[in-house]
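Below you'll find the structure, written out as structure tokens, and then a few comments.
All ligand and atom numbering here is 1-based and tracks the order in the structure. Along the sequence shown, residues are numbered consecutively beginning with 1.
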Amino acid sequence: NVIIKASDLAKSYETGAVTTHALRGVSLEIEKGSFTAIVGPSGHGKSTLMHLLGGLDRPSAGSVFIEGTDLRGLDNSGLARLRGEKIGFVFQFFNLLQGLSAKENIEVAAMLAGVPEKDQGARALALLAQVGLADKAGSKPSQLSGGQQQRVAIARALVNDPALLLMDEPTGNLDSASEAEVLEILRKLHVQGKTVVVVTHNNEIAQKAEQVICVRDGRIAA
Ligand code: ADP
Ligand code: ADP
């Protein structure tokens with residue numbers, strides 16, 4: 001049961017007169033409910049691949065299917081709708097709104113996801129409880145550790161109960177204690193049946209993964 005199928009993906013970036021071939025000839029399949037790590041040296045195409053797999057950007061060539069939907073057949077609003085329905089994204093630098101509390105950050109995401117106003121508060125609290133932060137609902141990001149901020153960001157990514165979680169270096173900016181907290185949450189989400197895809201330099205995450213995709217020079221290394 002395949003949730004993502006990518007065939008012969010290529011991506012080039014044009015910067016003035018310079019063309020960077022970030023990816024070429026990448027094909028892969030990700031099974032529903034699996035835990036996949038994308039590893040490889042910096043600048044070799046991992047983030048580019050994650051963006052293409054999640055429909056955040058479009059390939060120069062090749063195709064991505066998510067649960068059988070060919071992303072080439074979607075316009076930008078169709079892509080945005082598919083992301084909103086099926087995918088939760090987590091990034092290295094958390095991207096929380098600094099002026100809002102943990103709970104309010106998730107409520108904003110719930111509002112954008114179309115959760116009825118009367119349910120937004122309860123949804124936010126339930127998600128904070130799921131990442132072990134029920135007691136930090138009123139804290140601003142600046143009052144939380146890096147690991148706690150990343151757990152808020154993960155809770156926010158779960159607001160739509162997405163089948164698929166795509167994470168770009170979720171522990172890249174964390175100390176080892178916070179890394180361990182985030183890893184434990186990823187493990188739980190996987191046990192709950194989420195499909196988890198993580199771009200990472202963290203060996204412990206890569207070791208826990210069922211599938212490890214090594215990207216080198218824009219290709220999948222053997
Ligand atoms: P990684 O995630 O493995 O560090 P990236 O996918 O971020 O690699 O980058 C792959 C290559 O593509 C790098 O040479 C990077 O500089 C280039 N690149 C990535 N994004 C862009 C962009 N938006 N514009 C131009 N070049 C880019
Ligand atoms: P990573 O932390 O995975 O190595 P980067 O720091 O290379 O990611 O890239 C972060 C984002 O910045 C990428 O998603 C890409 O869109 C953009 N980017 C990366 N390299 C370039 C570049 N050379 N020119 C413009 N944008 C870039």
Side-chain angles (χ1 to χ4, degrees), residues 3-30 34-66 71-72 74-77 79-80 82-83 86-96 146-147 149-150 153-154 156-157 162 164-176 178-179 182-183 186 189-190 194-222:
I3 187 164
I4 305 182
K5 181 176 167 61
S7 303
D8 231 1
L9 284 182
K11 178 71 180 179
S12 306
Y13 296 105
E14 314 283 343
T15 315
V18 180
T19 301
T20 304
H21 298 285
L23 282 183
R24 41 191 138 193
V26 167
S27 299
L28 58 83
E29 288 188 353
I30 292 173
S34 65
F35 189 151
T36 299
I38 300 177
V39 304
S42 255
H44 281 236
K46 303 182 298 297
S47 293
T48 297
L49 177 58
M50 195 205 88
H51 287 155
L52 297 182
L53 295 180
L56 284 174
D57 200 359
R58 293 180 187 272
S60 310
S63 61
V64 176
F65 286 75
I66 296 183
L71 303 193
R72 290 174 299 192
L74 302 178
D75 62 12
N76 288 345
S77 66
L79 263 189
L82 177 132
R83 291 195 304 264
K86 297 188 192 288
I87 309 178
F89 291 95
V90 175
F91 300 97
Q92 181 173 356
F93 294 107
F94 326 136
N95 302 343
L96 299 174
Q149 291 181 60
Q150 191 59 297
I154 292 170
R156 181 182 55 185
L164 178 60
L165 281 163
L166 295 180
M167 310 200 184
D168 197 349
E169 305 242 24
T171 65
N173 199 35
L174 301 181
D175 61 33
S176 56
S178 299
E179 257 177 31
V182 167
L183 178 54
L186 299 193
L189 291 170
H190 174 227
K194 300 287 189 198
T195 308
V196 180
V197 181
V198 190
V199 172
T200 190
H201 285 110
N202 180 303
N203 278 329
E204 235 181 304
I205 294 181
Q207 279 163 17
K208 291 232 161 54
E210 296 159 316
Q211 175 175 223
V212 177
I213 293 171
C214 183
V215 177
R216 195 173 276 276
D217 271 330
R219 298 175 183 278
I220 294 184

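Counting the atoms of ligand 1 from 1 in the order shown, those under 4.0 Å from a heavy atom of His44 are 1 (P), 3 (O), 8 (O). The atoms of ligand 1 that sit less than 4.0 Å from any heavy atom of Ser47 are 1 (P), 2 (O), 6 (O), 7 (O). Ligand 1 places these atoms under 4.0 Å from at least one heavy atom of Pro41: 3 (O). The atoms of ligand 1 that sit less than 4.0 Å from any heavy atom of Lys46 are 1 (P), 2 (O), 3 (O), 4 (O), 6 (O), 8 (O).
The closest heavy-atom contact to atom 9 (O) of ligand 1, among the options Thr15, Val18, Thr48, Val215, comes from Thr48. Looking at Gly40, Gly43, Ser42, Ser12 and measuring to atom 13 (C) of ligand 1, the nearest heavy atom belongs to Gly43.
Checking side-chain atoms of Gln211 against main-chain N and O of Ser34 turns up no donor-acceptor pair under 3.5 Å. Proximity of a side-chain donor or acceptor of Ser178 to a complementary backbone N or O of Gly146 within less than 3.5 Å is not detected. Judged purely by atom type and a 3.5 angstrom limit, Lys46 uses its side chain to pair as donor or acceptor with the backbone of Gly40. Between the side chain of Ser60 and the backbone N or O of Ser12, at least one donor-acceptor pair lies under 3.5 Å. With hydrogens and angles disregarded, no donor-acceptor distance shorter than 3.5 Å links the side chain of Lys5 to the backbone of Val64.
Residue pairs meeting the salt bridge (Lys or Arg N to Asp or Glu O under 4.0 Å) criterion with at least one partner in residues 202-212, sequence neighbours excluded, are absent.
Any N or O atom pair closer than 3.5 Å counts here, and Gly45 shares at least one such pair with ligand 1.
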